[in-house]
Protein chains: 2
Amino acid sequence: MIKEITEKKERLKTYMKQKGFKSTRQRDIIASEFFKCEDHITAEDLYIKINKRHKDIGSTTVYRTLKLLAESGLATARVFADQLTRYEPVSEDEHHDHLICLDCGSIIEFEDPKLERLQEKIASEFGFSIVDHNMEFYGYCRDCKR
Amino acid sequence: MIKEITEKKERLKTYMKQKGFKSTRQRDIIASEFFKCEDHITAEDLYIKINKRHKDIGSTTVYRTLKLLAESGLATARVFADQLTRYEPVSEDEHHDHLICLDCGSIIEFEDPKLERLQEKIASEFGFSIVDHNMEFYGYCRDCKR
DNA sequence: TCTTTATTGAAAATGAATTTCAATTTCCTT
DNA sequence: AAGGAAATTGAAATTCATTTTCAATAAAGA
Ligand SMILES: [Mn+2]
Ligand SMILES: [Mn+2]
Ligand SMILES: [Zn+2]
Ligand SMILES: [Zn+2]
């Protein structure tokens, strides 16, 4: 197990203790599996992965644990055009947005300070203060466009 | 009835004829009500409005008609953070994005060519060609922030 | 008017996500 | 180590928006 994962699991443990939540075998397995799998996974897909080795862990618990991870700040929930809730590990509090390929489904992450600044500027013109935003581009990735 | 609405209903009729769809009393009433009501309405809310005067029109038909309007290009479907599908009339093919107040729920529309250009630039850096995008800001409007 | 075909509304189905609940587990406190 | 309060679990039930099904009805073209 990679150091980074151990670290995240430690943070989860701390969060749970602080909240009076209990550490369980299920949460441990689900969190580990989540941290080492690809980004933007749905609860259902993570459940399918976990269910191969752990027949006794129910999908309800996977849903619940992903929610817990999001609350603890270790994961972020996102909803793209297919309307499914997807989770990704939080990468050192660095914000990013997404390019989503309509053909192969691949997701490219990017981060652009200029864009963020422009957003702030636009919002301020309306006297609006941004708490959060949601931005995705849909189209075709390099490989999928001809 | 305003001229603009009559015009839109004419366009709908043309679209339906071209597709072999039939003009019905229900579609006429639903489209009229939709075109004259506030933007970003859900099927359910439009149904509630219509149901006051037209007890015989079912919600299923409202769902279906809004979908038809979107297909015909007269409406756009949008999904914001509450995960409900909302519809708004298409305004002379002018694209816009949204500022959504987390307190009062008001929605401010804006349009910024600079932002659009920046988006294209970012996408092209990844060899990605944008077909569509989705961008909303969540926060507090002028009235709701203190 | 006749006839084909689309449309309608009610009810049932869908599917992701949440809730319920009895049984089990965790983790304090003795 | 044992006891016990409180949280957690998995299965099943429930929710809620939306879609599908289907028999009855309505539209439109001949
Ligand atoms: Mn991401
Ligand atoms: Mn709008
Ligand atoms: Zn692709
Ligand atoms: Zn407000």
Side-chain angles (χ1 to χ4, degrees), chain A residues 9 12-34 40-72 75-87, chain B residues 9 12-34 40-72 75-87:
Chain A
K9 288 174 62 178
L12 177 60
K13 209 158 226 167
T14 306
Y15 174 80
M16 289 196 293
K17 178 154 275 175
Q18 179 232 317
K19 287 281 189 177
F21 298 157
K22 290 170 179 171
S23 286
T24 65
R25 182 181 59 87
Q26 289 90 331
R27 283 174 172 166
D28 190 75
I29 290 167
I30 295 166
S32 299
E33 205 62 42
F34 171 69
H40 315 117
I41 195 165
T42 63
E44 199 55 34
D45 285 349
L46 184 57
Y47 166 67
I48 289 166
K49 244 182 233 286
I50 287 169
N51 187 250
K52 286 183 184 143
R53 295 177 172 285
H54 306 279
K55 298 292 180 200
D56 61 319
I57 295 182
S59 66
T60 312
T61 304
V62 176
Y63 275 94
R64 286 193 277 230
T65 303
L66 285 173
K67 219 172 191 192
L68 174 70
L69 286 167
E71 283 159 22
S72 77
T76 308
R78 309 220 178 237
V79 180
F80 299 141
D82 64 5
Q83 304 274 88
L84 300 176
T85 303
R86 295 168 182 280
Y87 291 87
Chain B
K9 287 173 65 178
L12 178 60
K13 209 158 226 167
T14 306
Y15 174 79
M16 289 196 295
K17 178 155 275 175
Q18 180 232 318
K19 285 281 188 178
F21 299 159
K22 291 171 179 170
S23 285
T24 66
R25 183 180 59 88
Q26 289 91 331
R27 282 174 173 166
D28 190 72
I29 291 167
I30 295 166
S32 299
E33 205 61 44
F34 171 68
H40 314 116
I41 196 166
T42 63
E44 199 54 34
D45 285 349
L46 184 57
Y47 166 68
I48 288 167
K49 244 181 232 285
I50 287 169
N51 188 249
K52 286 184 184 143
R53 294 175 173 284
H54 306 279
K55 298 293 182 200
D56 61 319
I57 295 181
S59 65
T60 311
T61 304
V62 176
Y63 274 95
R64 286 192 277 229
T65 303
L66 285 172
K67 220 172 191 191
L68 174 69
L69 286 167
E71 282 160 23
S72 77
T76 308
R78 309 221 178 237
V79 181
F80 299 141
D82 63 6
Q83 303 275 87
L84 299 176
T85 303
R86 294 167 183 280
Y87 291 87

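In what follows, chains are A, B, ... by sequence order, proteins preceding strands, each numbered from 1. All values derive from a computational prediction rather than experimental measurement.
One can place NZ of Lys13(A) at 12 Å from C1' of dC27(C), the figure rounded to the nearest angstrom. Between the P atom of dT8(C) and the NE2 atom of His54(B) lies a distance of 14 Å, rounded to the nearest Å. When rounded to the nearest whole Å, the span between NZ of Lys19(B) and P of dA6(C) equals 13 Å. Atom CD1 of Ile48(A) is separated from atom C1' of dA16(C) by 13 Å (rounded to the nearest Å). At whole-Å resolution of the value, CD in Glu71(B) and C1' in dT7(C) are 14 Å apart. Atom CD1 of Ile29(B) and atom C1' of dT7(C) are 14 Å apart (whole Å). Arg27(A) places its CZ atom 19 Å from the P atom of dT24(C), with the value rounded to the nearest Å.
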* Structure fact -> Its contact letters, B for base, S for sugar-phosphate only and - for none at protein heavy atoms under 4.0 Å, make nucleotides 23-29 of chain D read ----BSS
* Structure fact -> In B/S/- notation (B base, S sugar-phosphate only, - none; protein heavy atoms under 4.0 Å), nucleotides 11-22 of chain D written 5' to 3' is BB----SBBBB-
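Not counting sequence neighbours, the partners of Lys13(A) by the side chain to side chain contact (heavy atoms under 4.5 Å, CB included) test are Glu10(A), Ser23(A). For Lys17(B), there are no side chain to side chain contact (heavy atoms under 4.5 Å, CB included) partners two or more places apart in sequence or in a different chain. For Arg27(B), there are no salt bridge (Lys or Arg N to Asp or Glu O under 4.0 Å) partners at least two apart in sequence or on another chain.
Among residue pairs with one or both ends in residues 45-66 of chain B, those qualifying as salt bridge (Lys or Arg N to Asp or Glu O under 4.0 Å) are Arg25(B)-Asp56(B), Glu38(B)-Lys49(B); sequence neighbours excluded.
For Ala77(A) against Thr85(A), the heavy-atom pair with the smallest separation is CB-CG2, 4.1 Å. Smallest separation of non-hydrogen atoms from Tyr47(A) and Gly58(A): CE1-C, 3.7 Å.
Using a 4.5 Å heavy-atom cutoff, the side chains of Gln26(B) and Thr65(B) are not in contact. Looking at heavy atoms from C-beta onward, Tyr87(A) lies out of side-chain contact with Leu69(A) at the 4.5 angstrom threshold.
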